[in-house]
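Okay, so here's the structure we're looking at.
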Amino acid sequence: MKDKEFRRSMAVFPMGAVMKLTELSARQIRYYEEQSLIFPERSDGNRRLFSLNDIDVLLEIKDYLSEGLNMAGVKRMIEMKREESEKTAKRALSEEEIRRIFREELLSQGGLAQRNPNAFQAKM
DNA sequence: ATTCTGACA
DNA sequence: TGTCAGAA
């Protein structure tokens, strides 16, 4: 199962493809890269090449934002997930665990909410 | 035609 | 975040 992970990390998608796949603007995608949430490689003329992993993260960022988290909150979530998966290469994070962490983050700082202050009740 | 960086009426 | 400019 190493071959699969290798291909998921293959940087082969140009900006245009990622924009369509994620419904995000180039501006946002570049911004998330600056926030070290994704690490697209560069190619020929300094053009970004994204991997399936980058796209997955972008998709996660999307729904975290729709859940009401701001950039600070999104970064924490992605970073935690990254640490958790790097350190715990063994067992994957259970849905319950992720929801638990998510809830803790929301409660730890009532300021994390930004857009839909009421989306939580509906979701959680 | 596409994407990149930098900047802001 | 959008968007425009100037370059590659």
Side-chain angles (χ1 to χ4, degrees):
Chain A
M1 182 129 265
K2 254 180 173 56
D3 209 55
K4 181 181 177 184
E5 191 178 315
F6 175 66
R7 269 170 290 201
R8 288 188 64 61
S9 62
M10 290 294 270
V12 297
F13 304 97
M15 181 58 89
V18 180
M19 286 175 74
K20 292 179 180 177
L21 261 30
T22 65
E23 293 299 315
L24 289 171
S25 68
R27 179 82 166 75
Q28 292 178 293
I29 296 172
R30 295 186 187 117
Y31 175 67
Y32 302 146
E33 175 184 27
E34 289 182 5
Q35 298 306 296
S36 301
L37 268 29
I38 53 176
F39 317 86
E41 285 170 32
R42 296 291 177 142
S43 72
D44 40 297
N46 189 42
R47 278 167 167 54
R48 266 168 271 251
L49 289 182
F50 305 78
S51 67
L52 288 174
N53 286 320
D54 291 322
I55 294 176
D56 283 342
V57 173
L58 252 18
L59 258 18
E60 288 179 46
I61 294 175
K62 261 193 75 176
D63 42 61
Y64 276 144
L65 290 177
S66 69
E67 304 240 46
L69 293 186
N70 57 28
M71 265 297 91
V74 173
K75 288 185 69 174
R76 292 201 188 79
M77 291 302 135
I78 303 298
E79 284 166 7
M80 287 192 112
K81 191 164 190 175
R82 204 148 59 201
E83 297 169 17
E84 219 62 47
S85 63
E86 293 176 346
K87 192 168 185 175
T88 309
K90 299 179 182 179
R91 63 104 156 77
L93 220 53
S94 65
E95 295 266 334
E96 290 63 47
E97 212 163 356
I98 293 179
R99 294 173 72 74
R100 193 203 82 227
I101 295 174
F102 185 44
R103 240 178 285 118
E104 292 179 347
E105 281 297 316
L106 291 178
L107 298 178
S108 68
Q109 305 172 47
L112 275 186
Q114 177 181 276
R115 317 230 175 205
N116 315 315
N118 306 307
F120 309 134
Q121 299 171 53
K123 276 296 179 182
M124 309 301 271

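We name chains A, B, ... by the order of the sequence lines, and we start the count at 1 in each one. Please read all numbers here as calculations on a predicted model, not as lab measurements.
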Open item on the list: What is the separation between atom CD on E23(A) and atom P on dT1(C), rounded to the nearest whole Å?
Closed with: 14 Å
Open item on the list: Does dC4(B) have its OP1 or OP2 closer than 4.0 Å to a side-chain nitrogen or oxygen of R48(A)?
Closed with: yes
Open item on the list: Between E5(A) and K2(A) (side chain of the first, backbone of the second, donor and acceptor by atom type, cut-off under 3.5 Å), is there such a pair?
Closed with: no
Open item on the list: Please name the nucleotide paired to dG6(C) by Watson-Crick or G-U wobble geometry with both distances under 3.5 Å, or report none.
Closed with: dC4(B)
Open item on the list: We want to know whether D54(A) and S51(A) form a side-chain donor-acceptor pair, criterion being a heavy-atom distance below 3.5 angstrom.
Closed with: yes
- [ ] Give the rounded distance in Å between these two atoms: CD of E33(A) and P of dT1(C).
- [x] 15 Å
Task: d(CD, E34(A); P, dT1(C)) in whole Å - done: 12 Å
- [ ] Using atom CZ of R27(A) as one end and atom C1' of dG2(C) as the other, report the distance to the nearest whole Å.
- [x] 7 Å
Task: Listed nucleotide nearest any side-chain atom of R42(A), set dG2(C), dT5(B), dT3(B) - done: dT5(B)
Open item on the list: Any donor-acceptor pair, under 3.5 Å, between the side chain of R30(A) and the base of dT5(B), if you only look at N and O atoms?
Closed with: no
TODO: Examine dC4(B): is either OP1 or OP2 under 4.0 Å from a nitrogen or oxygen in the side chain of Y31(A)? Give yes or no.
DONE: no
TODO: Please report, rounded to the nearest Å, how far the C1' atom of dT3(B) is from the CD atom of E41(A).
DONE: 17 Å
TODO: Ignoring hydrogens and angles, tell me if any N or O in the side chain of K62(A) forms a donor-acceptor pair with the backbone of T22(A) under 3.5 Å.
DONE: yes
- [ ] Nearest whole angstrom, please: distance from the P of dT1(C) to the CD of Q35(A).
- [x] 10 Å
TODO: Would you indicate whether the side-chain heavy atoms of L49(A) and V12(A) approach each other to under 4.5 Å?
DONE: no
TODO: Find the partner of dA9(B): check Watson-Crick (N1-N3 plus N6-O4 or O6-N4) and G-U wobble (N1-O2, O6-N3) distances, both under 3.5 Å, and reply none if neither fits.
DONE: none
Task: Carboxylate-amine/guanidinium contact R82(A) E60(A), below 4.0 Å - done: no
- [ ] Write down the distance between CG (N46(A)) and C1' (dG6(B)), rounded to a whole number of angstrom.
- [x] 13 Å
Task: Nearest-angstrom distance from the residue atom CD1 of I29(A) to P of dT1(C) - done: 11 Å
Open item on the list: So G45(A), base contact, sugar-phosphate only, or nothing? Heavy-atom distance under 4.0 Å.
Closed with: nothing
